[in-house]
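Proteins come first, then strands; the chains are lettered A, B, ... in the order of their sequence lines, and each starts at number 1. Not measured: the values here are computed from a predicted model.
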There are 2 protein chains.
Amino acid sequence: MKKPQASKYKKYDYAVIATDVALFTVRNRGLQVLLIKMKKEPYTGKWAMPGGLVKANESVDNAAERILREKGGVRNVYLEQLHTFGRVDRDPFGRVVSVAYTALVPSTKLSLKTTEEYADITWFPVKDAPALAYDHREILETAVERLRAKLGYTNIAQNLLPSEFTLSELQSVYEVVLGKKLDKRNFRKKILAIGLVKGTGKERRGQASRPAELYSFRAKKMKTIEIL
Amino acid sequence: MKKPQASKYKKYDYAVIATDVALFTVRNRGLQVLLIKMKKEPYTGKWAMPGGLVKANESVDNAAERILREKGGVRNVYLEQLHTFGRVDRDPFGRVVSVAYTALVPSTKLSLKTTEEYADITWFPVKDAPALAYDHREILETAVERLRAKLGYTNIAQNLLPSEFTLSELQSVYEVVLGKKLDKRNFRKKILAIGLVKGTGKERRGQASRPAELYSFRAKKMKTIEIL
DNA sequence: ACAAAAGTGTTAGGCATACACCCATGG
DNA sequence: CCATGGGTGTATGCCTAACACTTTTGT
């Protein structure tokens, strides 16, 4: 599509490595992604996922963590390498190869900084994300596809929930990410049968409805077991 | 583990991008990987998978294809991005981030060049691969793990077989890669039930046994369907 | 005739799916 | 008392897994 222009910076004379992070949360009954509004031409007004160059003395994984912290405002969240995007013309500023990551954060863990909607950093529902800079549309689609797939065979969902949650909340995460309704009885039967979660005995009151039991995940580290 | 030394080449002053390719085939009742013997210190005598730097004017995908052609001696084979390895100290020569790929080739497609065993480029059974340079042991393990997983939900096996093959040969590919025996009747039932392959009507004669029908894959491009 | 690989069915148990009503609470 | 979300069981069909013998050929 676009041809790479003459490089504007010396360091772009060689291919350099950047990382972009698709940071997701589940809020307001939807899967949302964090985007930052760009100022630079030719992308003025378009949105991009948090990203930046990898420094010479940090690993690519560490760079992704740093960017998530500096630009996304979150730390200690689930972070997993997604795919590396290496088209020659993917960045009009020069030859940049991007190692993309997926990150997940429970909406309960978001600070005011990111929940308040600043003009230039905002959560968007994935379904109606605005025009994106670079190849970030492709990165976003790849990330969502992988997240959906992993929900089906790992315990990754725990990274979108607080440590204690109701089964309805868990089911809602699945429904929102997969984009389809699930049968309540079958969902509970399956989740309990495979031992994904355990009851805590506590319950959540406060709504005008029967109190719900609170559950927590059994295994904290990533595990692969057929779920759905 | 190792600290990065002072760079020996100017271009290593920045992180540069390389690609390494795990090229697999199934031969002699085993999963084999192509390795090249190294001459440079500190890896003299160790083996490495084909790899090299990404040039400024080629995509990362194209670089992997080129390396597979130049160093692996094969072209037009299945090639898929695996993972990007970005530890700071993974290359003692400088800061090199490697985008690793998995490639598959049917043993029937191998030229003499790679089947004859040169002193410095050889197929090794994955099970007893020699000491590897860089982080290539980790790359190899990641590649095998992914290959095993994908065998179970895609039609990827076709890239390890000629266009026509017997069901026993197909089963053997599965057994060799997964490292376990499968039940013949159940295997055939399943493979035929999901329509992965179709009979060609031809048969293979020549051995002192009943002739086997030849089959071919139905879909050529990658497809995801539950297989095993 | 024999060695070698190809080909073929049935059963039992487990798993996924479809489906509707009562319960406990807050307001 | 009513609106809201929480919680629960069964029946059916499908898929999986276990298991052994006959067929066809080349030598």
Side-chain angles (χ1 to χ4, degrees), chain A residues 26-30 107-108 148-149 151-154 157 161-162 164-176 178-216 224-228, chain B residues 26 28-29 149 151-153 157 161-162 164-176 178-216 224-228:
Chain A
V26 172
R27 279 203 321 168
N28 305 335
R29 302 185 173 276
S107 60
T108 50
R148 283 197 181 123
L151 217 49
Y153 64 89
T154 71
L161 286 168
E164 297 189 335
F165 50 87
T166 67
L167 288 185
S168 295
E169 286 166 347
L170 179 59
Q171 182 175 346
S172 171
V173 164
Y174 273 85
E175 290 180 340
V176 153
L178 298 178
K180 66 179 179 193
K181 287 276 169 209
L182 301 172
D183 180 87
K184 183 162 49 159
R185 280 172 291 190
N186 293 338
F187 180 80
R188 287 166 182 244
K189 214 183 309 170
K190 186 66 179 286
I191 292 293
L192 294 172
I194 63 180
L196 190 66
V197 300
K198 58 174 192 285
T200 62
K202 304 180 214 166
E203 54 182 29
R204 170 171 303 162
R205 308 178 86 90
Q207 291 112 300
S209 69
R210 177 170 171 177
E213 179 167 9
L214 290 171
Y215 289 80
S216 64
T224 58
I225 291 200
E226 198 62 34
I227 297 176
L228 297 184
Chain B
V26 171
N28 305 335
R29 301 184 175 277
L151 217 51
Y153 63 90
L161 285 168
E164 296 189 337
F165 50 87
T166 67
L167 288 185
S168 294
E169 285 166 348
L170 178 61
Q171 182 175 347
S172 171
V173 165
Y174 273 85
E175 290 179 341
V176 154
L178 298 178
K180 65 179 180 194
K181 287 277 171 209
L182 301 173
D183 179 86
K184 182 160 51 155
R185 281 172 290 190
N186 293 338
F187 180 80
R188 289 167 180 242
K189 214 182 312 170
K190 186 69 179 283
I191 292 292
L192 294 172
I194 62 179
L196 190 66
V197 301
K198 58 175 192 284
T200 63
K202 303 179 214 167
E203 55 182 28
R204 170 170 302 162
R205 308 179 85 92
Q207 291 111 300
S209 69
R210 177 169 172 178
E213 180 168 9
L214 290 171
Y215 289 79
S216 64
T224 57
I225 291 200
E226 198 59 36
I227 297 176
L228 297 183

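- Along DNA chain C, the stretch of nucleotides lying under 4.0 Å from any heavy atom of chain A spans, 5' to 3', C:dA16 to C:dG26.
- Distance, A:Phe187 CZ to D:dG9 P: 18 Å, rounded to whole Å.
- The number of heavy atoms from other shown groups lying within 6.0 Å of NZ (A:Lys198) is above 12.
- A:Lys190 has its side chain within reach of A:Ile194: a pair of non-hydrogen atoms, C-beta onward, lies under 4.5 Å apart.
- At least one side-chain heavy atom of B:Ile227 sits less than 4.5 Å from a side-chain heavy atom of B:Ile191.
- What separates CD of A:Glu203 from P of D:dG6 is a distance of 12 Å, to the nearest Å.
- In terms of modelled atom types and a separation under 3.5 Å, the side chain of A:Ser107 and the main chain of A:Arg27 share no donor-acceptor contact.
- Side-chain contact between B:Thr166 and B:Leu214 is present, with at least one heavy-atom pair separated by less than 4.5 Å.
- A residue-by-residue look at B:Ser209 and B:Glu213 shows that B:Ser209 has its nearest nucleotide of DNA chain C further toward the 5' end.
- Residue A:Arg210 places no side-chain N or O under 4.0 Å from the OP1 or OP2 atom of D:dG5.
- The nearest pair of heavy atoms linking A:Tyr174 to A:Leu182 is CB-CD1, 3.8 Å.
- Atom-to-atom distance recorded for B:Leu196:CG and B:Tyr215:OH is 12.0 Å, nearest 0.5 angstrom.
- Looking at which nucleotide of DNA chain D each of A:Ala208 and A:Leu192 is closest to, the 5′-most match is held by A:Ala208.
- Put simply, NZ on B:Lys181 is 18 Å from P on D:dA17, counting in whole angstrom units.
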Listing time: all N or O pairs from protein to nucleotides 19-21 of chain D that are below 3.5 Å?
from: D:dC19; atom 1: N3; to: B:Arg185; atom 2: NH2; distance (Å): 3.4
from: D:dC19; atom 1: N4; to: B:Asp183; atom 2: OD2; distance (Å): 3.4
from: D:dA20; atom 1: N1; to: B:Arg185; atom 2: NH1; distance (Å): 3.4

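- Regarding A:Ile191, its CD1 atom lies at a distance of 16 Å from the C1' atom of D:dG7, rounded to whole Å.
- Mapping A:Gly206 and A:Lys190 onto DNA chain C by nearest heavy atom places A:Lys190 at the nucleotide closer to the 5' end.
- With a 4.5 Å cut-off on side-chain heavy atoms, B:Val197 and B:Phe165 count as touching.
- Listed by residue number, A:Ser168 are the residues of residues 164-176 of chain A with a heavy-atom contact under 4.0 Å to DNA chain D.
- Considering only heavy atoms from C-beta on, B:Lys189 comes within 4.5 Å of B:Asn186 through its side chain.
- Closest approach of B:Thr200 to B:Glu164, counting heavy atoms only: CG2-OE2, 3.7 Å.
- Nearest heavy-atom pair, B:Glu213 versus B:Gly199, reported as atom, atom and distance to 0.1 Å: OE2-CA, 3.7 Å.
- Within 4.0 Å (heavy atoms only), B:Arg188 reaches at least one base atom of the nucleic acid.
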